[in-house]
Amino acid sequence: MRAMSSFDENDAFESAARPSLAARAMAARPAPYLDDLNPAQREAVEALDGPVLMLAGAGTGKTKALTTRIAHLLNTGRARPNEILAVTFTNKAAREMKERVARTLGQSVEGMPWMGTFHAICVKLLRRHAELVDLKSNFTILDTDDQLRLLKQLISAANIDDKRWPARMLAGLIDGWKNRAWGPSQVPAGEAAAYNNMGGELYEAYQRRLVELNAVDFGDLLLHMVSIFQKHPDVLAQYQRWFRYILVDEYQDTNVAQYLWLRLLAADHKNICCVGDDDQSIYGWRGAEVGNILRFEKDFPGAKVVRLEQNYRSTPHILAAASGVIAGNRSRLGKELWTEAQEGEKVRLIGHWDGEEEARWIGEEIESLQRGTRGLPPRSLDDMAILVRASHQMRAFEDRFLTIGLPYRVIGGPRFYERMEIRDAMAYFRIAVSPDDDLAFERIVNTPKRGLGDKAQQKIQMAARSNGVPLLEGARILLEEKGLGGKGAAELRKLVDACARWHAAVLNAQLDFLDEDAVLDDGLVPLQPPLPGLSHVELAEVILDESGYTAHWQNDKSPEAPGRLENLKELVKALENFDNLQGFLEHVALIMDNEQEETEEKVTIMTLHGAKGLEFPVVFLPGWEDGLFPSQRSMDENGLKGLEEERRLAYVGITRAEELCTISFAANRRLYGQWQSSMPSRFIDELPEDHVEVLTPPGLYGGGYGAAGLNTGSMGAGFGTGLAGGMEQRATKADVYNSPGWKRMQARRSERPLSQPRESRASAIDLEAVSSFTAGNRVFHQKFGYGIVMGIEGDKLDIAFEKAGAKKVVARFVVAADQAGDDVPF
DNA sequence: TGTATCTAGTTTTTT
DNA sequence: ACTAGATACA
């Protein structure tokens, strides 16, 4: 346990006598890296002292400015690596920043312990001061799953019908309160009355329960630190002195708690540099306050405001289109991006009959760009991305790309560590490391099924509560008292014994890891090693094996099962990078991503939110229809504010593109199983005509874009919206295909040799792949599961899938069913 | 306890 | 259309 007394002992804070500022300034080395900066960047980098707000538009080199600034702080001797607090939102951003600082200085930066995400830094701080909020320093960090389970228990204990009052709603409320840095006693009465008049009370009960469990949720990490800083000026003062310079990335995304945390830390020296772009604030819905960036100058009078406006990413047309759209927002600080880049292609706009056609068109467009088209050089699929508003839009693309055999990768969706099997496995590891982790026990006690249902679990709960012990111990007592009979008792016995052996093995490994005769912190002498000499990796395999968890998925015939086994294998592999299970668990609590290196080139499909901070030479922006984008819900719930956030999202989308940006919309789209017609997005009208090339046939609604004067009368509406009035003739699909615009588009398309065979490697494989199947074969497909081959057409197979129905799929995406199960871990 | 059936709710997501 | 989660039934 680290109390405040250990403060000075920690290496991150170790302070040898520090040379005076002057002495260090004298020692400053030349700063060649400054020559790489443009004047604005240089200004932001060289203003080292006092508050600085760097307004950095998309693609203006803000990361470069930020990292150079850090390098400059170090190089001028203003601060040592461990005196700089540099906060980001994602681990990825933190990693990137570390790498780039090192590169700028041309040497590895050892020990920048305070460069990381808000949460990672707060964990470090909170472990030192846990006792100030009644926690022990080895508290666990709950993920949203645990959090929800806990809330459900409290809700049913309070006799609330969680059907009318869903736990998720309460979780959302509590999250929102924590984002605003409101502890249970600080929630305004009006707000606390939410959730059937019980919100405030349940929040309090939840916080109490967390303390009992020695646990925190993500919001607590910030909330606890803010309240510690507020209640203990001495603690705050230490850190104010220690963190001599503060840098914040993506400042527009900070919530109130993060803002307060920063303001407290910077209050004394005010050496704080915030980098952000109000035009890219797209996380209002999860508590981000654009207001934080808008009022920086008020909070820090005399702040230097630097605008980075020279863009190094996109062509002028793309920038102009983005600027045109974002100009529609009223509450902005105002920036105008410019570039020295060559003109390039206009932003392209195309309308489609429906969502499937949109996917088909984009698929073909991607293939022709990949081959090289209109004299353009061939492009890698890695250079292309499809950015959607909502993840359900991805399906159309996945379906289409699977059919034509276009490799794609979907970013987003459930992340690795959020998958069920990974969480289950982690719960097993948790119970092995800490037998008193009740939430972990609850998760695994009947997974896989052990015949321990609600009743048995209630008995365990009772036994544990009446003896005041953790659940696992309660289970042991229950068994001793013969309070459980039958199959369940035998299974529980096995589980309890296994947990004991695993824990012993963990302790044993700890012994190996430490000194021979080291004393364990809990004073327990390990039982004689029933699992001798196991590394933590081997132990993990043993745990998954003995628990029956691996077998559970091996016996599962669902299409996901092989993938889940694969993931478990991946998890065990990830363990190799750690010294022990404890370290791994700590790491995973905060790092939810697990990026595996990809070899094959693939088109990226992701949401607009996910794309922030990324860039691609070629970007497709489908689904620009009113209601979908801007999202109806956003507008209904947040009015103009919501619409402006959607508009910023559009701005983010367009500015991801370096060279080619294609916006599209469909007149009809299937949503929740219903066909819906919609109008092109209002954002389309905001695109400046001079920078847009319209591919849409004028017969299609929206084809009137850019020809307002000509087309207003009979042209235009009616295609998609029934609302536009019955007087309009409803265009047919044939009309569209006969329209001049469509023909022109077709003509353009045929300029490139469509018949040209696909990449030779792929076609060779295709032929080979297809020849290995015949009708009647049972096959397995990663997404669709098992099915029977009904016929063969070219390189595609007609397959009747057991779950997904009949599909045409390229042969190389399919394996023989008997091979699918072979590749099992362990 | 395990399975079959129904019912409601479907934006965006990091830590 | 689809899925997750809860309830009904074997």
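First the proteins, then the strands, lettered A, B, ... as listed; each starts at 1.
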Among [options], which nucleotide has an atom closest to any side-chain atom of [X]?
X	options	answer
A/Y672	C/dA1, B/dT14, B/dT15	C/dA1
A/S391	B/dT12, B/dT13, B/dT15	B/dT12
A/H609	B/dT12, B/dG2, B/dT15	B/dT12
A/R395	C/dC2, B/dG2, B/dT14	C/dC2
A/A390	C/dC2, B/dT14, B/dT12	B/dT12
A/Y283	B/dT15, B/dG2, B/dT13	B/dT13

Atom-to-atom span, [atom1] of [X] to [atom2] of [N] - whole angstrom:
X	N	atom1	atom2	result
A/N179	B/dT14	CG	P	15 Å
A/M606	B/dT14	CE	C1'	13 Å
A/E250	B/dT13	CD	P	15 Å
A/H392	B/dT13	NE2	P	12 Å
A/K178	B/dT14	NZ	C1'	16 Å
A/F89	B/dT12	CZ	P	20 Å
A/N91	B/dT15	CG	P	5 Å
A/I282	B/dT13	CD1	C1'	10 Å

Sugar-phosphate only, base, or nothing, as touched by A/L452 at under 4.0 Å among non-hydrogen atoms: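 The answer is sugar-phosphate, as A/L452 gets under 4.0 Å only of primed atoms, P, OP1 or OP2.
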Sugar-phosphate, base or nothing in reach of A/Q393, heavy atoms under 4.0 Å: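 Nothing: the residue A/Q393, judged by heavy atoms under 4.0 Å, touches no strand.
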Given DNA chain B, 5'-ward residue of the pair A/T607 and A/Q457, judged by closest heavy atom: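 Result: A/Q457.
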Pairs meeting criterion ring pair (Phe, Tyr, Trp, His ring centres under 6.0 Å) with involvement of residues 142-171 of chain A, two or more places apart: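 Only A/W165-A/Y195 qualify under ring pair (Phe, Tyr, Trp, His ring centres under 6.0 Å).
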All pairs passing ring pair (Phe, Tyr, Trp, His ring centres under 6.0 Å) where residues 141-164 of chain A contributes a residue, at least two apart: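 Listed once each, the pairs would be none.
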Side chains of A/E358 and A/R669 in contact at under 4.5 Å (non-hydrogen atoms):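 With C-beta onward as the side chain, the pair touches.
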Between A/H224 and A/F139, ring centroids under 6.0 Å: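 Aromatic pair excluded; centres sit 6.0 Å or further apart.
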Atom CZ of A/R168 with >12 non-hydrogen neighbours under 6.0 angstrom: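 Atom CZ in A/R168 is not crowded, with 12 or fewer foreign heavy atoms closer than 6.0 Å.
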